[in-house]
Amino acid sequence: MSIIILDKLGLAPQIQAVLETIYDPELKPANIVDLGLVYEIITKEEGIAKIVMTLTAPGCPVAGEIMNEVQEKVAAVEGIKEALVELTFDPPWTKDMMSEEAKLELGFL
């Protein structure tokens, strides 16, 4: 599954790069992008970045930690004034959303 990108600021590559440094502790070594947890990266002219993402399960015990890390790291990207993180479970995450690399790293292939 590919990420939907609406990028008025031209910062999506930098944002995606920082998202690739964030991990679900239960599914290391694969990052949240390779796991397919990031659905959308949106930037707006006012310097706002919005990340629409999901978790592997609605009751994920580290949900708050992951979302805080996403918010903090995206907000630190040069040119971003405010970072918003929206959590969705539509569509629900499945292993099929993972990159081939992530499936290989986690032993699903």
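Remember, predicted model here, so these are calculated numbers, not experimental data.
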Mind listing the closest non-hydrogen atom pair of Tyr39 and Thr88 along with its distance? CD1-CG2, 3.6 Å
If you round to the nearest 0.5 Å, how far is CD1 of Ile3 from CD1 of Ile42? 11.5 Å
side-chain hydrogen bond (donor to acceptor under 3.5 Å, both in side chains): pairs with one or both residues in residues 47-61, sequence neighbours excluded: Lys50-Glu86
Please report the closest heavy-atom contact between Ala102 and Ala30, naming both atoms and the distance. CB-CB, 3.8 Å
Counting C-beta onward and ignoring hydrogens, is there a side-chain heavy-atom pair between Ile51 and Ile41 closer than 4.5 Å? yes
Residues forming a side chain to side chain contact (heavy atoms under 4.5 Å, CB included) with Ala57, sequence neighbours excluded: none
Any side-chain heavy-atom pair of Ile80 and Leu9 under 4.5 Å: yes
Identify, with sequence neighbours excluded, every residue that meets side chain to side chain contact (heavy atoms under 4.5 Å, CB included) alongside Glu72. Asn68
Quick check: do Leu106 and Lys95 have side-chain heavy atoms less than 4.5 Å from each other? no
Taking Val77 as the starting point, is it possible to reach Val52 by hopping between hydrophobic residues whose side chains are less than 4.5 Å apart? yes
Would you say Leu35 and Ser99 make side-chain contact, with heavy atoms under 4.5 Å? no
Test of understanding: clusters of I, L, V, M, F, W, Y form through side-chain heavy atoms closer than 4.5 Å, transitively. Do Ile48 and Ile4 belong to the same one? no
In one Ile/Leu/Val/Met/Phe/Trp/Tyr side-chain cluster, 4.5 Å: Val62, Phe89: yes
Connected via hydrophobic side-chain network under 4.5 Å: Leu87 and Val38: yes
Measure the shortest side-chain to side-chain distance between Met53 and Ile66 over non-hydrogen atoms and say whether it is less than 4.5 angstrom. yes
Look only at the side chain of Thr43 and the backbone of Lys8, and say whether a donor-acceptor pair between them is shorter than 3.5 Å. yes
Note: Asp7 and Ile5 closest approach over all heavy atoms is CB-CG2, 3.7 Å
Using a 3.5 Å cut-off and no angle test, enumerate the donor-acceptor pairs between side-chain atoms of residues 11-19 and protein atoms at least two apart in sequence or in another chain.
{"residue": "Gln16", "atom": "NE2", "partner": "Glu20", "partner atom": "OE2", "Å": "3.2"}

In short, side-chain hydrogen bond (donor to acceptor under 3.5 Å, both in side chains) pairs touching residues 73-84 with sequence neighbours left out are Thr21-Lys73, Glu69-Lys73
Which value, rounded to the nearest 0.5 Å, describes the distance between Leu55 atom CG and Leu37 atom CG? 6.5 Å
Any salt bridge (Lys or Arg N to Asp or Glu O under 4.0 Å) pairs touching residues 29-42, not counting sequence neighbours? none
For residues Glu26 and Pro61, report the shortest heavy-atom separation together with the two atoms involved. OE2-CG, 3.5 Å
Take atom NZ of Lys103 as the centre, draw a 6.0 Å sphere, and report whether it contains more than 12 heavy atoms from other residues, nucleotides or ligands. yes
Shortest non-hydrogen pair, Met97 vs Pro91, comes out as CE-CG, 3.9 Å
